[in-house]
Structure formats: structure tokens, C-alpha cells
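Below is one structure; the comments refer to it alone.
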Number of protein chains: 2
Amino acid sequence: MKRVSLKDIAKMVGASPSTVSFILNGKASQMRISEELKNKVMATAKKMGYQPNQVAVSLRTGQTKILGLLVEDIANNFFASLAKTIEVEAEEFGYKVLYSSTENNSKKGVELLRLLTQRQVDGYLVTPTLGMEEDLEMLVKHKKPLVLMDRYFPDIDAAYVQVDNAGAVLTGMEHFIKKGYKKIAFITIESGLIQMRQREDAYVDAIGKSEQKKKLMLKVNYNGDRETIINQITEFLKKNKPDAVLFATNYLGILGLESIRGIGLTIPRDLAVICFDDNDIFRLHLPGITVLQQPVEAIARTAIHILMHQLGNNKVTIKKNQVQLAANFIVREST
Amino acid sequence: MKRVSLKDIAKMVGASPSTVSFILNGKASQMRISEELKNKVMATAKKMGYQPNQVAVSLRTGQTKILGLLVEDIANNFFASLAKTIEVEAEEFGYKVLYSSTENNSKKGVELLRLLTQRQVDGYLVTPTLGMEEDLEMLVKHKKPLVLMDRYFPDIDAAYVQVDNAGAVLTGMEHFIKKGYKKIAFITIESGLIQMRQREDAYVDAIGKSEQKKKLMLKVNYNGDRETIINQITEFLKKNKPDAVLFATNYLGILGLESIRGIGLTIPRDLAVICFDDNDIFRLHLPGITVLQQPVEAIARTAIHILMHQLGNNKVTIKKNQVQLAANFIVREST
DNA sequence: CTGAAAGCGCTTACAG
DNA sequence: CTGAAAGCGCTTACAG
């Protein structure tokens, strides 16, 4: 059963497709089309259940009204919340979102970026992976609407929105130091991406200026499985016996809590804990975990606004197109 | 800067667009195009960074290679995992996924369904909301590839995949009864959707057959905010003093744990807990929460397979197109 | 072996 | 006030 097209309606009412198109696009009065014809067309379209073929519209207008969103992993709470807010915000501007997860895999990331291009998305929202640099430069060169999130490349002049990673980690470290912890550890993932480097550098800085002097850092492999990482953390904690630990991502924090439980340490008596990113788990955990919460909604909203600005929407005004937003430091019982 | 098109390449190598199209689509030998021309075209396409315009391809072929996925809420762990698996599986069959969250709002659900239709998606994967019945019937009538997930409408003859809700709840109830609990409560949301009715009916059944006889049920409003629901649960628990409670969704379970903590009850001594759906939170909670885990990946995979079958992919074989999968009962320390 | 032409379903300048 | 025509970028039957 074929769907009805503009032409079908035109034939039924005895008008030309162009006239029907004008009417259906609300340009009837502008084109001074008779009220009578207008009503007839509207009624027929409704009765026949006419739905415009957006693919044809896109080909003709060059606009798909689709934004491409690439996140690291949609099953991760942080990225899922980000995606949700972006979806809601995009909708307000009349855009739909096509998403995918890169898994932080360069090959997959690059392929997805090209796929979005082939699909003619109007704009790109990307948490980039290493290896995407060349393709991103291409987009920038072609002046495609593009906003990076969570991380960026210093050498690529693209818009971006991220949390103030250094400031957040410093806040956490100062809190630990003020509370008198002397052996503060940092557990992160092995990664060349800037947001992780910023967090790590801030830890190193803070330690350098503290009395502790000596770093206590563990870097685990991003692609390791649950068990491997839990074991690595367990070994590290047993060997180094820190009195406080800062986990660099929510993913690590969750695995870390399992390690801590496995060893039988009591938080915060044996070990104080702060985690980057908030999560229901950290709020519900006993004791509640102190966190450096990313302002997820603000990140998403800012990114969409910058993108809409690039897309020529003049209802939005933006101050900068490279933005760092402050994290919220939420103190619970773990410190 | 305009992107290069087929025609551009044709002009550059001095061949016709059709020939270039055949070569780029790997039909060179089939069309007996000279090796020389083929190589020239391939090289030029590569050099110019040619990327086919998928919108034009879609309009011409009638296939978008996009699947539409409507979930209740992408920020909810269960639906995010579902979406993730679907995305991965769809990719293996060469499809991309366009998703959106319905928020269980009929108006939004219907609008999204129409939007997907306008976008010419090749197939639909939907966790339907009430109010979508008419539009879904239309899709079925037009023989559009469609698979419902998590819930369905008994009156609509569409394919669906869901967990065996009744079986899962019965398993949980039997476990409670065997352990000797005498005042087993059920906390669910007010909903006309079948998966919630199945869970509720199973509870009522189990109670009817038990010595308890009297139901202890709380139904909260889906759209209530966190605080309201937490308060309602708190009131309910204080007033009825159950010795065991089964939460009908992960969302409720999380809020319920907050209520329980607020009242100061000890799990399982004062109150035993089972929750529908698993979640990192339940695993990490102290004590660990016993759950009725939905086989999320199997649900997603089965749904994709049925959809691919409908799309005429003959690499997949399916047994039924209305499927119920067993839940995994994971006993932890809360019962 | 290769090219010219039609057509997917729209929108929009142009003509009357 | 309304219609005929071109064109978005492809694919594919048809012709030679």
C-alpha cells in the first residue's frame, strides 16, 4: 500500500502540486490562494493521512533537520543524561538526533563521523575519540556546524563545551588536604584524551604543592573488563594503603567501591573517597560518596545553543564558543 | 565549499554518471566496465573525498537504512542498555538507529511515531505508550516492519518481545513465601500498560494463593517527582509495616531504598526487598538487593532479529514473532 | 562496453 | 491567483 504524495492530493483536488505544496507549508495567504481551495486541500490531506516525505524535502532543501550525536557510550549514565538533555533541547529547535556510541574506538568513531556526513546531518555534536582529528579538521574547514563535548583537541579550532576538569579536581584535593589526609591517591584510566589529562595534571599539581609530595597514581586500561580493573584497584590499594582516593570517572568509582568492599575497608575511616561525576549509586551508597558533579544539563544546553548559533538561528545568543563550566562539589559522608 | 557529487567525478574522468555509479557500487565487472576506467574512477573518488549523498540514495531506492527506536526514557538504565544493544546489533545488519524518548506521554509518542514515518525509517522498534494504538494499527495494516518491546497491545497483531513478567513476579513471591514472610507488599506505578498489569496481576494471584490473603499494594503516579514518590512510599511503609516488599520497576526500587533508609529500617531484618530490573545500584547496595533481572540483551537481539526477518533479510530465522523471555532471578542479601 | 533518460517526492523561482 | 518546469543527487531499466 503506497503512501499518498503531494501529487496524489493535487490530482484529487484538481490543483497543481506547487499550489498544494504552498498550502501545506502554510504559505497559502502569502501566495494569495483562495480560502476555498485552501480548505479543500487541507481537508483532503487530512483525510488521506498525508505525511510529507522528509527525505524528498531534505534532498530538495539541503536540510535534514537531523543532528548527529556521537557519545562515548550511551549505556554510561553520564552520556545517557547528556544525550537525553540534548534530545529534549534539540527538539525545541525542531531537530531530531541521530546517535551512536564510539566506545572510544578511533576506527568506529571515524566511520560514524563519515556516516553522519553521508546522512547529511545539519550539525554535529561529538565527544571525540583519538584518531578523529583529521575528519574533524575537515568539518571545521568546510565550516560545518560542530560542537565538541567533554573533550577537545587543542590544535583544532572547533567549538567545545566541557566541565572545568582542573578546577574540579583541585577542589576535591583541597578538601582532602584540609581534612588532613596525607596519602591521597588518584585512580584514572590510561588515556590521551584531554579531559583525562586535565584531571591527572590537576592531581599532580595539587600533590606537588602539598606536603605529601609523592604521587600515588594508578592508571588502568580503558578496555579492561570489570574483573581485571577491580583486581588492579584492589592490588593498588592494598600495596599503597592510601588514606584517601579520588576516582577520575564514575565508571572507575563504581568498580573502586567494589574493590574497597572486597578488601573490607570502611569508608571514610580507613579510606576517604571522592568521585568524578555523580550517579544515583553514589547518592544511595552507604556512606554517601562525595562527588565532583558535572553540570550535565548545562553542558548539553550550552552545546546545543552554540550549535544553533552556528546553524544561523538568531534566537540564541552565545558569549563564547569554547566553554568550560564549573563542577558542583557535593560533600557527602565519604570524606 | 560544496561536496563533490557523482556528476563531478563523472565530469573529471570523462565518463557518464551512470558508469561512475556502477563502479562505485561495485558493479563494474558485472557491467563489464574496463579495468582501466574503473581504477581511474576509484582513484578520483578517493582523492576528492567523495561521500555518497545518502539522502538522494534513499529517495531513489526507497530505503533509508535507518531504524526508528522509541524508548520510554533513554536516561533510564534499562532503556539505555536496551538501546545500546539494539544499536550494536542493528549496525551488524547495516542499519543506523534514530532514537527518541516518549516519556510515556501519548501525545509525544504519537508525534514521534509520525516523525519516524516522515523520515521514512525502514523499520520501527517501539516501547509503546497508551494512545499509540491507532497509529500502530496503521503501521501493521500497511505491513510496515514493526516490533514492540517491553509491552504490547493484546488487540493489535504486531510482533513483540518482552520479559515474562508474570513468571518473574511469581518467582519473587514464591521466594518470599518460602522464606516465611507474611506481610508482602507490592509497590508499583499507576499504569494501564500491559507489562505493569502483568506484574500486578501476578502479585495479586500469588497473594490470593498464599496464607496472607490480603493485598498490600501501593500505586504511585508515574509523573510524580522524586520527593513525592519517596514520601508516598515512606507513608505506605510506616502505615502498613510489611515485612517484605517487591518493587515493580528499577526506578521505584531506587526511590524505595531512599525511603527505607529515611525511615531507618534495616534490610532484610525489618524489611526484605526484591526489585524488578537489575542495576549497578542494586548490586553495590549494602546489603545487595535481590532482583528479577530482565534479559536486556536477549530482548534487544530478539527484537532486531524479528525486525530483520520482516525486512526480508533471509540470514535470520525466527521461531515466533511474539516472544516472552524468562527473567533471571538473582538472589542477594536483601531477602 | 558505455551513455542518455527517467524518476524518487518534494520546493521554489519563473511565467502568466 | 495558479500552473509548468527545473532541479536536489542519486539508481536503474533501456538503448545502442
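Rounded to an integer number of Å, the gap from A:Gln51 CD to C:dC10 P is 11 Å. The nearest whole Å value for the distance from the CD atom in B:Gln120 to the P atom in C:dG9 is 9 Å. Going from atom CE of B:Met31 over to atom C1' of C:dA4 covers 15 Å, rounded to whole Å. Atoms CD1 (B:Ile23) and C1' (C:dC1) sit 11 Å apart, rounded to a whole Å. Rounded to whole angstrom, the span from the NZ atom of A:Lys7 across to the P atom of C:dA6 amounts to 14 Å. A straight line from CG of A:Leu6 to P of D:dA4 spans 15 Å, rounded to a whole angstrom. Taking atom CG of A:Leu24 as the reference point, atom C1' of C:dC10 lies 11 Å away to the nearest angstrom. Following rounding to the nearest Å, B:Gln30 (CD) and C:dT2 (C1') show an atom-to-atom distance of 15 Å.
Side-chain atoms of B:Thr64 never come within 3.5 Å of backbone atoms of B:Ser58 as a donor-acceptor pair (strictly under, hydrogens ignored). Put simply, the side chain of B:His309 never gets that close to the backbone of B:His305: no donor and acceptor are under 3.5 Å apart. For B:Glu91 (side chain) and B:Lys96 (main-chain N/O), no donor-acceptor pair under 3.5 Å exists by modelled atom type.
With distances taken from any side-chain atom of B:Ser16 to the nucleotides D:dC10, C:dG3, C:dC10, the minimum falls on C:dG3. Closest to the side chain of B:Ala56, from the set D:dC8, C:dT2, D:dC10, is D:dC10. In this structure, of D:dC8, C:dC10, D:dG3, it is D:dG3 that holds the atom nearest to the side chain of A:Ala15. Taking the side chain of A:Ser21 as heavy atoms from C-beta on, and the options D:dC10, D:dA13, C:dT11, the nearest nucleotide is C:dT11.
If B:Asn53 and B:Ser18 are placed on DNA chain D by their nearest nucleotide, the residue sitting closer to the 5' end is B:Asn53. With the nearest nucleotide of DNA chain C identified for both B:Thr19 and A:Thr61, B:Thr19 has the one nearer the 5' end. Comparing B:Leu59 and B:Leu37 along DNA chain C, the residue whose closest nucleotide (by nearest heavy atom) sits nearer the 5' end is B:Leu37.
In this structure, B:Ser34 reaches the sugar-phosphate backbone alone: every heavy-atom distance under 4.0 Å involves primed, P, OP1 or OP2 atoms, never a base. Using a 4.0 Å heavy-atom cutoff across all strands shown, A:Lys27 reaches sugar-phosphate atoms only and no base atom.
Side-chain N/O atoms of A:Tyr50 include one lying less than 4.0 angstrom from OP1 or OP2 on C:dC10.
Applying the Watson-Crick and G-U wobble criteria (two distances, each under 3.5 Å), D:dT2 pairs with C:dA15.
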**Request:** Before giving the answer on side-chain hydrogen bond (donor to acceptor under 3.5 Å, both in side chains), spell out for A:Ser101 and B:Lys84 the whole-Å C-alpha distance, their side-chain angles and the decisive distance to 0.1 Å.
**Result:** CA-CA 8 Å; A:Ser101 307; B:Lys84 174 74 176 292; 5.0 Å; no
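Checking A:Thr44 against A:Tyr50 by side-chain atom types alone, no donor-acceptor pair falls below 3.5 Å.
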